[in-house]
Amino acid sequence: MLEIKNLHARVADTETEILRGLDLTVQDGEIAAIMGPNGSGKSTLSYVIAGREDYEVTAGDILYNGESILEMDAAERAASGVFLAFQYPLEIPGVATMTFLKTALNSQRKARGEGELTTPDFLRRVKASAADLKIDMAMLKRPLNVGFSGGEKKRAEILQMALLEPKLCVLDETDSGLDIDALKIVADGVNALRSSERSFLVITHYQRLLDYIVPDTVHVLYKGRIIRTGTKDLALQLENEGYAQIIGEAA
Ligand code: ADP
Ligand code: MG
Ligand code: MG
């Protein structure tokens, strides 16, 4: 699904590399957790995979289903099945959440050469996914993320993901700002989308999320490189010992 080779990246028009030789492979159907201290480059990795314009890859490659995606813009990557749930979802005043969802879904369908969904078809899908995520339909009439609580924003992100049915889902600290009930709802939403043809990159600072979304592999990102790869036990080890031990061993 995803093969990242010796990836170096920086913010455009800056000198400092944030990703500095990152290697990562994610198989079809795999849930890979990326953990790491603040500032290690986790969000940068998610942006570079999604194709954010203001980031620049200076070396290495990102292969998605065997093909480099570096020349594809963010919209092309999204149309091909790459989805990023943001750490800090953007507020979009003036655009009702429902309108946003319908536009996102239909532009993806258009890019794939599929016809637009009829309004009843669209509503049926939204209602089913919203119910799973315990999202009140009234919330979807409000402008996207404006005045949403932390938990509502994260659930709205997962709702987008459920509707778009991506192949590669990148979740950037989806657990931040969630209380335990919201965390379980989000985790259930993600788990419901698990399939042998869909892979997840679950980025988190804390082990707690991984009690609910159980990963196949855990990778530790530090200073722009993966310094350790293991199973879910590695996350427990980090929870008990902190990052210092593993960072020390890598040095
Ligand atoms: P994480 O998500 O792991 O906390 P980030 O990817 O957000 O890490 O940031 C990694 C590093 O890149 C940090 O040192 C951060 O200060 C730096 N960085 C992030 N965004 C920018 C930017 N727009 N310009 C310059 N440096 C940045
Ligand atoms: Mg951070
Ligand atoms: Mg981050």
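First listed ligand is number 1; within each ligand, the first listed atom is number 1. Everything numeric here is computed off the predicted structure, so don't read it as measured data. Start at 1 with the first residue, then count along the sequence.
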If hydrogens are left out, which of Ala12, Gly39, Gly36 has an atom nearest to atom 1 (P) of ligand 1, that is, the closest non-hydrogen atom?
Gly39
Name the residue from Leu164, Leu144, Leu163 that meets the side-chain contact (heavy atoms from CB on, under 4.5 Å) definition with Leu101.
Leu163
Of the listed options (Asn38, Asp172, Val48, Val11), which comes nearest to atom 23 (N) of ligand 1 when hydrogens are ignored and any heavy atom counts?
Val11
What I want to know is whether Ser43 and ligand 1 share at least one N or O pair that is separated by under 3.5 angstrom.
yes
Any N/O/S atom of Gln87 sitting less than 2.8 Å from the Mg ion (ligand 3), backbone or side chain?
yes
Could you list the donor-acceptor pairs under 3.5 angstrom formed by side chains in residues 6-13, with sequence neighbours left out?
from	atom 1	to	atom 2	distance (Å)
Asn6	OD1	His8	NE2	3.2
His8	ND1	Glu17	OE1	2.9
His8	ND1	Glu17	OE2	3.3
His8	NE2	Gly21	N	3.4

Compare Asp13, Ile18, Thr14 and give the one whose heavy atom is closest to atom 26 (N) of ligand 1.
Ile18
The Mg ion (ligand 3) contact by Thr44, N, O or S atom under 2.8 Å
no
Give a yes/no verdict on whether any heavy atom in Pro37 is under 4.0 Å from an atom of ligand 1.
yes
Give a yes or no on whether a salt bridge exists between Arg208 and Glu239, defined as a side-chain N under 4.0 angstrom from a carboxylate O.
no
Are Ile203 and Ser46 side-chain neighbours, meaning at least one heavy-atom pair lies under 4.5 Å?
yes
We want to know whether Thr204 and Lys42 form a side-chain donor-acceptor pair, criterion being a heavy-atom distance below 3.5 angstrom.
no
Is the number of heavy atoms from other residues, nucleotides or ligands within 6.0 Å of CD (Glu241) greater than 12?
yes
Is there any N or O on Glu173 that sits under 3.5 Å from an N or O of ligand 1?
no
